[in-house]
Number of protein chains: 2
Amino acid sequence: MTSLVKPKHPNIALAVCGYSKVLDIISNKWTALIIYAMEDGSIRYGEMARRIEGISKKMLTQTLRKLERDGLVQRHITPSVPPIVEYSLTPLGESLLQPMRELRQWGRENYVRVEAARVNFDLTYSDD
Amino acid sequence: MTSLVKPKHPNIALAVCGYSKVLDIISNKWTALIIYAMEDGSIRYGEMARRIEGISKKMLTQTLRKLERDGLVQRHITPSVPPIVEYSLTPLGESLLQPMRELRQWGRENYVRVEAARVNFDLTYSDD
DNA sequence: CAGAATCCTCTTGGATACTG
DNA sequence: CAGTATCCAAGAGGATTCTG
């Protein structure tokens, strides 16, 4: 046992923080949208590319591979010509949906306040 | 009027996605840890720097400024010599704590599975 | 259709030195 | 103490071209 008294302010290490571990998974630009696209079930590669506005094939493939490697996404290939490749969330991936939905909800409810704060901040620190 | 029938798969735009808006706020490397450091109340600049292992002053200041601009963090200065500068979460910032805690909790519970999936993936796609 | 490969740019973040 | 300023390296991500 290291200590009986709980320190007021324990140190925070990047490597052991649960936040950071999750951010390591979902913090890049397209990950959230890709997971979002699979929310209702499996979906083909091409349809994802069409639904997610502005994404390039490179980023779509790259992000899907990363999610597959992390065990959040499953890839199913029907070897026809042309091939059919479908992606869906694994149970682990689906377990991320709930916390992500709450974050998304927070964004929907509060982003206007963030934008207002930015305008206010910029006004305060520019012209005076 | 564009359409009366709701499409099965509506498009997903980066600009209007609640996820992405939140990620715009919390997705950089240190933000989560900095918010985490203020979870229990206000804290001085220097103490944050010491508690968050590995952070540079530059990134600490830069990230705090961004959070302040976004209205999530308050800065309170006591103009003594040397100055005392304390940071704390605004109500808006505190409202982010709950969804972030859930994400952190997910990370604590599931990150081992992600790591296992990575090992498995790398084994599968390297040596055969 | 579902990608792989290449090139290139822009941003993020680390190291270091200086200041009221 | 609490920053600012500058330089630099690494990585994320976009555009384009090619392929089974």
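This is a predicted model, so every value here is computed, not measured. Numbered from 1 within each chain, the chains take letters A, B, ... in sequence-line order. Just the heavy atoms: all of them, side chains too, but no hydrogens, waters or symmetry mates, feed the values below.
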What is the distance from CG of A:N28 to P of C:dT12, rounded to the nearest Å?
-> 14 Å
Per A:W30 side chain, nearest of listed nucleotides D:dG14, D:dA2, D:dC1 = D:dG14
Compare side-chain N and O positions of B:R44 against OP1 and OP2 of D:dC1 and report whether any pair is under 4.0 Å apart.
-> no
Between the base of D:dG14 and the side chain of A:K58, is there any donor-acceptor pair under 3.5 Å?
-> yes
Atom-pair distance (CG on B:D24; P on D:dG13), nearest Å = 13 Å
For B:S56, report the nucleic acid contact type (base, sugar-phosphate, nothing); a contact means any heavy atom under 4.0 Å.
-> nothing
Within this structure, what is the NZ-to-P distance between A:K66 and D:dA12, rounded to whole angstrom?
-> 9 Å
Side-chain contact test, heavy atoms from C-beta onward, threshold under 4.5 Å: evaluate it for A:T90 versus A:V73 and give yes or no.
-> no
Please walk me through it: do A:R75 and A:L64 pass side-chain contact (heavy atoms from CB on, under 4.5 Å)?
-> CA-CA 9 Å; A:R75 183 157 165 262; A:L64 280 169; over 6 Å; no
Could you state the atom-to-atom distance from CD1 of A:I52 to P of D:dG13 in whole Å?
-> 13 Å
Would one find a side-chain N or O of B:Y45 under 4.0 angstrom from OP1 or OP2 of D:dT4?
-> no
Quick one: on DNA chain C, does B:Q62 or B:K57 contact a more 5' nucleotide (nearest heavy atom)?
-> B:Q62
Indicate whether OP1 or OP2 belonging to C:dA2 is found under 4.0 Å from a side-chain N or O atom of A:R75.
-> no
Taking CG from A:L64 and C1' from C:dC1, how many angstroms apart are they, rounded to a whole number?
-> 14 Å
Verdict with supporting geometry, B:R51 and B:I43, side-chain contact (heavy atoms from CB on, under 4.5 Å) | CA-CA 10 Å; B:R51 287 185 55 199; B:I43 178 174; 3.5 Å; yes
Does OP1 or OP2 of C:dG14 have a side-chain N or O of B:K29 closer than 4.0 Å?
-> yes
Could you give the CD-to-C1' distance, from A:E68 to C:dA2, as a whole number of Å?
-> 13 Å
Between A:P83 and A:I55, whichever has its closest DNA chain D nucleotide further toward 5' is A:I55
Report the distance from atom CE of A:M48 to atom P of C:dC1, rounded to the nearest whole Å.
-> 16 Å
Euclidean distance, atom CD1 of residue A:I77 to atom C1' of C:dG3 [Å, nearest integer] | 11 Å
Would you check if B:V119 and B:E115 make a side-chain contact, meaning some heavy-atom pair closer than 4.5 Å?
-> no
Criterion side-chain contact (heavy atoms from CB on, under 4.5 Å) on A:H76 and A:Y87, from CA distance to verdict | CA-CA 6 Å; A:H76 182 260; A:Y87 291 90; over 6 Å; no
